[in-house]
Amino acid sequence: MPAQGSAFRDDVFEGRVALVTGGATGLGKEIARALGQHGARLCIASRKQENLEAACRELQSEDLDCMWVTCDIREPDQVERVVSEILDRHGRLDIVVNNAAGNFPAPISRISYNGFKAIVDIDLRGTYNVTKAAFEAYLKQHGGHIVNISAPFQNLGVSLQAHVTAAKAGVDALTRSCAVEFGPYGIRVNAVAPGGMEDTEGLARFSEATKETGGGGTNPLGYLGTKRDVANAVLFLVSDAASYVTGQVFAVDGGAGIDMMKMRLPRE
Ligand code: NAP
């Protein structure tokens, strides 16, 4: 069954403040919504002001407390400004979700030197920039949570994604190193690795053929995951239910990643 509703109390994150990068669209917006529906005050940050304004209006119309700040996560000074605007407004920052990323499916022969750099800059360096800025300005003194949105395929090989697999492998490594360094500060750091999630820009960018191997019927659960499935995993990881969990890359992919032979037996 696709995710319906939430297993958590509505006020479980009451009083907390959450930053979701790339929170104006796709998975990021749903992660922000889920955190807001459980009491967190939200900040969404990305480059396009019109998307941020529209998403913020949408979330506010659902009675959620949401602010936005424009920012290119490749630029440390812009990232530091996001954190300082959050602290000016709310005086705290408890949850950081590094969701923003770029992607364009292409074979290596068509990924330019600059295209490769851009993806590593956004996905990996951007994640580092936001993590470091939040750590230095607030988390180091107060503890908190970081969740990095990773991907499902970087431990295997996959066509059309050399730039993304390289960047996301770095994100997974960064997740573990941050978890080890930040554990003594009361900061848990984990990652969520979504499979192909329905109704997202990420999945839409792939061809029909890729879509077929990414979801519906080809994973053990037999259906494509939803944005809510990913958001629910984030809720779990930043909740006390996961209080002893850190440094993990948590796959939310219907079992696709561990399904070596893709053989389906008929149900008895
Ligand atoms: P999406 O809608 O394209 O979201 C990406 C977000 O990142 C956008 O809001 C974009 O906003 C922001 N962004 C991109 N470059 C940025 C930059 N330099 N600075 C700040 N923000 C930037 O994609 P999605 O499918 O929801 O993916 C969200 C996350 O899930 C990504 O980390 C992706 O790798 C991961 N993921 C998705 C899937 C899937 O099935 N969709 C599967 C595996 C992993 P602006 O353009 O306005 O900056």
Side-chain angles (χ1 to χ4, degrees), residues 19-34 43-56 58-59 68-79 81-83 96-105 115 117-130 133 147-156 158 160-161 163-172 174-175 191-206 210-211 213-216 219 223-231 233-234 249-254 256-257:
L19 165 63
V20 182
T21 66
T25 63
L27 293 176
K29 187 163 73 177
E30 192 64 15
I31 292 166
R33 172 179 283 119
C43 177
I44 56 176
S46 53
R47 292 166 301 182
K48 297 188 191 97
Q49 183 171 332
E50 65 276 18
N51 288 353
L52 288 165
E53 282 177 342
C56 232
E58 185 181 326
L59 295 170
W68 56 267
V69 185
T70 53
C71 152
D72 186 332
I73 58 170
R74 291 171 288 190
E75 303 298 335
D77 55 331
Q78 295 187 29
V79 166
R81 186 172 46 78
V82 174
V83 173
V96 175
V97 182
N98 283 306
N99 164 80
N103 194 350
F104 57 92
K117 179 175 181 302
I119 295 301
V120 174
D121 275 355
I122 298 170
D123 296 19
L124 176 54
R125 281 192 51 249
T127 297
Y128 179 75
N129 293 342
V130 175
V147 178
N148 299 325
I149 306 303
S150 183
F153 37 44
Q154 54 274 16
N155 293 326
L156 306 168
V158 62
L160 311 177
Q161 292 284 275
H163 44 349
V164 178
T165 53
K168 295 289 194 182
V171 169
D172 292 353
L174 189 61
T175 302
V192 170
M197 293 293 156
E198 72 177 17
D199 191 26
T200 62
E201 191 58 34
L203 191 60
R205 286 195 197 103
F206 283 79
T210 313
K211 210 189 262 184
T213 52
N219 65 51
Y223 59 87
L224 213 51
T226 65
K227 289 181 277 199
R228 198 66 187 199
D229 286 308
V230 176
V234 174
V249 180
F250 197 87
V252 180
D253 65 353

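Counting starts at 1 for both ligands and their atoms, in listed order.
Between Ile122 and ligand 1, no N or O atom pair is found at a separation short of 3.5 Å. Annotation: Ala45 places no N or O atom under 3.5 Å from an N or O atom of ligand 1; distance criterion only. Here's the thing with Leu27: one of its N/O atoms is less than 3.5 angstrom from an N/O atom of ligand 1.
Here the closest heavy-atom approach between residue Ile122 and residue Arg74 is recorded as CG1-CD, 3.6 Å. Looking at every heavy atom in both residues, Ala133 comes nearest to Val79 through CB-CG1, 3.6 Å. Minimum heavy-atom separation, Val82 to Ala45: CG1-CB, 4.1 Å. Ala151 approaches Lys168 most closely through the heavy-atom pair CB-CG, 3.8 Å. Taking each heavy atom of Gly196 and Leu224 in turn, the nearest pair found is O-CD1, 3.4 Å. Of all the heavy atoms in Pro194 and Val230, the pair that sits closest is CB-CG2, 3.8 Å.
Ligand-side atoms of ligand 1 in range of Gly26: 2 (O), 26 (O), range being under 4.0 angstrom from any heavy atom. Near Ala100, meaning under 4.0 Å from any of its heavy atoms, are these atoms of ligand 1: 7 (O), 12 (C), 13 (N), 21 (N), 22 (C). Near Gly22, with a cut-off below 4.0 Å to any heavy atom, the atoms of ligand 1 are 6 (C), 7 (O), 9 (O), 12 (C). Atom numbering of ligand 1 starts at 1 in the shown order; those under 4.0 Å from a heavy atom of Glu201 are 1 (P), 2 (O), 3 (O).
Under the side-chain contact (heavy atoms from CB on, under 4.5 Å) test applied with Ile149, the options Val97, Val171, Thr127 reduce to a single match, Val97.
The option with the heavy atom closest to atom 33 (C) of ligand 1, from among Arg47, Lys227, Lys168, Glu198, is Lys168.
Distances shorter than 4.0 angstrom occur between a heavy atom of Leu203 and an atom of ligand 1. For Gly196, the heavy-atom gap to ligand 1 drops under 4.0 angstrom. At a 4.0 Å cut-off, at least one heavy atom of Gly195 sits close enough to ligand 1 to count as contact. Ligand 1 has at least one atom lying under 4.0 Å from a heavy atom of Pro194.
Shortest contact from atom 41 (N) of ligand 1 to any protein heavy atom: Thr200 OG1, 2.7 Å. With respect to atom 10 (C) of ligand 1, the closest heavy atom belonging to the protein is Ser46 CB, 4.4 Å. For atom 18 (N) of ligand 1, the closest non-hydrogen atom of the protein is Asp72 OD1, 2.9 Å. The nearest protein atom to atom 25 (O) of ligand 1, hydrogens excluded, is given as Gly202 N, 3.0 Å; this is a heavy-atom distance. Counting only heavy atoms of the protein, atom 20 (C) of ligand 1 lies nearest to Cys71 O, 3.3 Å. Protein heavy atom closest to atom 9 (O) of ligand 1, with residue, atom name and distance, is Thr25 OG1, 2.7 Å. Nearest non-hydrogen protein atom to atom 44 (C) of ligand 1 is Ser150 O, 3.2 Å. Nearest protein heavy-atom neighbour of atom 29 (C) of ligand 1: Asn99 OD1, 3.2 Å.
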With side-chain contact (heavy atoms from CB on, under 4.5 Å) as the test, would you mind laying out the steps for Lys117 and His163 before giving the verdict? CA-CA 8 Å; Lys117 179 175 181 302; His163 44 349; over 6 Å; no
Apply side chain to side chain donor-acceptor pair (under 3.5 Å) to Thr21 and Asn99, showing your working. CA-CA 5 Å; Thr21 66; Asn99 164 80; 5.4 Å; no
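Using a 4.0 Å cut-off between charged nitrogen and carboxylate oxygen, Glu198 and Lys227 do not count as a salt-bridge pair.
Using a distance-only test at 3.5 Å, with no hydrogens or angles considered, no donor-acceptor pair links the side chain of Glu30 to the main chain of Ala231.
Judged purely by distance below 3.5 Å, without hydrogens or angles, the side chains of Glu75 and Asn129 never pair a donor atom with an acceptor atom.
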